[in-house]
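Structure, as structure tokens:
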Amino acid sequence: MTQDSPAPSVVPVMVPMPAERPYSYAVPPGMAVAPGSIVRVPLGPREVAGIVWDGDGGKVDPRKLRPISQVFDCPAIDAPMRRFVDWVADYTLSPPGMVARMLLRAPAAFDPEPWIDGIARTHALPDRMTAARVRVLELADEGMSWTRSGLAHAAGVSSTVIDGLREQGVFEDVKLPPRPVVAAPDPGYVTPALNPDQAAAASTLREKAGQAAFSVTLLDGVTGSGKTEVYFEAISAALDRGAQVLILLPEIALTHAFLERFQDRFGAKPAEWHSDLPPRMRERVWRQVAEGQVRVVAGARSALFLPFMELGLVVVDEEHDPAYKQEDRVFYNARDMAIVRAHIAGFPVILASATPSIETRVNALSGRYGRVALPARYAEAALPDLKAIDMRRSPPARGGFLSPVLLDAARKTLSRGEQALFFLNRRGYAPLTLCCVCGHRFQCPSCSSWLVEHRFRGQLVCHQCGHTEARPEACPSCGALDHLIACGPGVERIAEEAVGHFPDARIIVLSSDLLGGVRRLRLELEAIAKGEADIVIGTQLVAKGHNFPNMTLVGIVDADLGLANGDPRAAERTFQLLSQVTGRAGRTGKKSLGLLQTYQPDHPVMKAIVSGDAEAFYDKETDERQRAAMPPFGRLAGLIVSAATRAEAEGHARTLRRAAPRAGDIDVLGPAEAPLALIGGRHRFRLLVHGDKRSDIQKFVRSMLAAADKPRGSVRVQVDIDPQSFL
DNA sequence: AGCACGCCGACT
DNA sequence: GTCGGCGTGCTC
């Protein structure tokens with residue numbers, strides 16, 4: 001580093017806490033830091049890792065200044081990444097320190113990985129040769145470095161043979177660089193066989209991905225059309241030009257199956273990044289991404305904050321998936337922030353989905369994003385026959401929820417030795433429990449939503465905040481014994497009904513409260529794929545990313561569920577979910593069937609699913625949102641949260657109405673009546689702020705913060721936006 | 001976000 | 001008489 005000008009003696013450092021701006025620290029004499037350096041600094045009673053930021057650090061009482069304790073031997077956070085942090089903080093109205101915290105989540109990674117003890121061949125020769133020594137030297141003379149045990153193992157000899165040679169000076173001790181977490185992917189490992197549609201799409205994407213220039217391209221193709229194979233070609237092009245690549249996936253889609261597909265194409269797995277990664281591996285991946293040794297990462301949304309050295313392409317798979325929204329601390333949508341990161345650093349983004357979000361589709365149609373379409377399923381993977389079951393005409397038996405039409409189809413499916421899926425997006429046994437003597441309904445004490453009965457566990461659970469209580473025998477209100485009745489179905493109840501109809505069938509229930517976590521879930525999914533179940537009953541987690549080759553019937557138990565919950569995105573979400581679920585069938589060329597139980601067969605969502613005319617649905621939905629000025633086309637832009645009681649929330653709303661020019665456009669929502677609500681926490685009410693522009697919301701929020709009695713702590717600002725445009 | 005300080009209930 | 005609950009406030 002050139003030292004023309006003296007190093008500044010005070011620098012701003014972004015520390016991982018809710019600070020509005022970087023703090024200033026003194027640079028001890030002889031210490032060299034530059035913007036982006038990762039440093040250890042004292043903060044209150046402890047020491048934390050921070051990032052040296054840009055600028056002069058502002059004015060601080062010099063008596064408060066404390067010195068930087070250490071500069072980590074670690075690649076610096078580059079300028080585009082720092083601008084990204086600033087941008088995300090500004091956009092999400094969160095303190096920049098909290099955004100910085102997201103990229104400092106691998107504490108031990110800031111120190112270099114230790115080098116490994118190894119041995120290397122010298123020019124010396126052994127005193128005499130033995131068969132074992134010959135084998136060892138043949139391997140060693142190929143020029144590679146080895147660890148002692150590695151070489152012994154490879155040569156099939158005892159490590160004492162190596163020790164003997166080492167004593168004679170035939171080998172010397174060397175330090176080997178740390179082992180890569182994954183092998184380097186080979187862009188040309190295989191040349192995939194693509195059909196003409198795929199080849200055309202791949203060629204467009206290769207061209208985009210081959211350029212180090214900002215672009216966004218939507219890859220739009222029905223489930224089973226081979227989107228993954230197509231975007232792999234784009235990845236190959238990006239690797240060819242020396243770029244690192246990030247594939248963002250919804251957490252649940254980060255499966256073994258995906259990694260294998262990648263390996264089949266590139267000869268090596270991508271590095272994984274998600275919340276279940278063991279700490280040690282997390283650190284190694286972080287470090288090797290920063291050093292540029294890892295070339296491809298497949299990760300959940302937090303992977304966007306990895307300190308890539310040469311990031312040159314982001315693929316956002318299933319771009320419509322709500323899992324891309326982080327809904328605590330810093331609220332962000334990783335899909336949108338990926339585009340921002342690409343815009344800042346100047347590289348391409350690919351958004352892939354069979355059911356794009358409305359806002360992405362609008363951006364594609366308006367020309368803001370490019371669009372590549374894959375029109376059909378390939379090979380023999382035909383789409384299933386889709387039909388609505390009008391539940392008014394074919395009602396279920398008394399006390400049941402499965403229509404005779406669906407049961408009949410399931411019977412035929414099972415008799416052919418094939419599998420059926422009953423889909424119901426509701427965990428537990430029943431969504432509402434009431435006392436049939438006094439009418440008491442079980443409600444969550446902290447957020448007033450209905451408690452869902454989980455019969456397997458014998459508990460009543462609040463799906464809003466996680467509150468649980470034991471299911472009592474007697475009504476807590478009138479004391480009547482054994483008069484509690486379950487209202488409505490959950491997957492457990494559907495399983496009970498299915499067992500009644502198909503006593504000999506092997507039935508599996510899959511939902512996120514499956515005991516045994518992700519590992520168990522993976523095992524169950526594999527078991528199903530191998531045909532070890534006849535009927536699968538599942539919530540939305542069966543909709544994603546897994547292929548069941550023998551599944552030829554999909555029955556949607558309650559297709560209307562979610563349509564009338566007040567969420568402006570309800571129709572879109574339902575359409576996406578039902579498309580994904582029905583897409584589970586028909587992947588083998590066998591004739592397959594999707595049946596939707598509905599009380600509204602004429603609803604646009606049902607018609608779109610049954611007819612397969614997604615375009616018409618999207619057009620209509622887009623149009624309606626434009627007219628209603630609903631998200632993402634205008635009014636809704638943000639929300640403010642955090643009041644313990646409704647009265648307090650109303651108080652905040654009054655303050656805000658006084659401060660804000662658009663007085664009428666603030667709604668107070670309690671968690672129970674706010675399905676839009678992104679907040680899972682207890683005692684939380686939300687002010688929904690409507691505004692035409694994001695800057696309006698920022699103004700609202702800032703004036704509220706200024707006007708509130710307790711500007712710090714008691715009021716938190718969180719933003720939920722699915723913007724049409726945000727760059 | 002941590003973490004310390006600080007002021008009120010059930011236990012060795 | 002102490003241990004410990006989490007409310008409030010601060011961190012360059």
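These values consider heavy atoms only, across backbone and side chains, with no hydrogens, waters or symmetry-generated copies. Lettering follows sequence order; numbering is per chain, from 1. Only a predicted model underlies this, so the values are computations on that prediction, with no experimental measurement involved.
The CZ-C1' distance, from A:R40 to C:dT11, rounds to 17 Å in whole Å. In this structure, A:M98 atom CE and C:dT11 atom P are separated by 18 Å, rounded to whole Å. One interatomic measurement links the two molecules: CH2 of A:W53 to P of C:dC12, which rounds to 19 Å at whole-angstrom precision. Between A:L65 atom CG and C:dT11 atom P there is a gap of 13 Å when expressed in whole angstrom units. Between A:Y25 atom OH and C:dC12 atom P the separation is 5 Å, expressed in whole Å.
For A:R63, the side-chain contact (heavy atoms from CB on, under 4.5 Å) partners are A:D61, not counting sequence neighbours. Partners of A:A323 according to the side-chain contact (heavy atoms from CB on, under 4.5 Å) rule, which considers only residues two or more places apart in sequence or in another chain, are A:P250, A:D321. Not a single ring-ring contact (aromatic ring centres under 6.0 Å, His included) links A:H274 to another residue, sequence neighbours left out. Looking at residues two or more places apart in sequence or on another chain, you find a side-chain contact (heavy atoms from CB on, under 4.5 Å) between A:S477 and A:C438, A:H440, A:C475.
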Return all side-chain donor-acceptor pairs below 3.5 angstrom for residues 48-57 of chain A, not counting sequence neighbours, or 'none' if the list is empty.
residue : atom : partner : partner atom : Å
A:W53   : NE1  : A:D86   : OD1          : 3.1
A:W53   : NE1  : A:D86   : OD2          : 3.4
A:D54   : OD1  : A:R82   : NE           : 2.9
A:D54   : OD1  : A:R83   : NH2          : 2.9
A:D54   : OD2  : A:R82   : NE           : 3.4
A:D54   : OD2  : A:R82   : NH2          : 2.9
A:D56   : OD1  : A:G58   : N            : 2.9

Let me check something: any side-chain donor-acceptor pairs from residues 70-77 of chain A under 3.5 Å, sequence neighbours excluded? List them with distances.
residue : atom : partner : partner atom : Å
A:Q70   : OE1  : A:R40   : NE           : 2.7
A:Q70   : OE1  : A:R40   : NH2          : 2.9

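Applying the ring-ring contact (aromatic ring centres under 6.0 Å, His included) test to residues at least two apart or on different chains, the pairs with a partner in residues 285-308 of chain A are A:F84-A:F305, A:F110-A:W286, A:F305-A:Y332.
An OP1 or OP2 oxygen of B:dA1 is reached within less than 4.0 angstrom by no side-chain nitrogen or oxygen of A:R101.
Of the candidates A:R335, A:R573, A:H320, A:R335 is the only one forming a side-chain hydrogen bond (donor to acceptor under 3.5 Å, both in side chains) with A:S357.
For DNA chain B, the neighbouring residues in residues 41-50 of chain A, judged by any heavy atom under 4.0 Å, are A:P45, A:R46. Of all the residues in residues 13-21 of chain A, A:M17, A:P18 reach under 4.0 Å from DNA chain B with at least one non-hydrogen atom.
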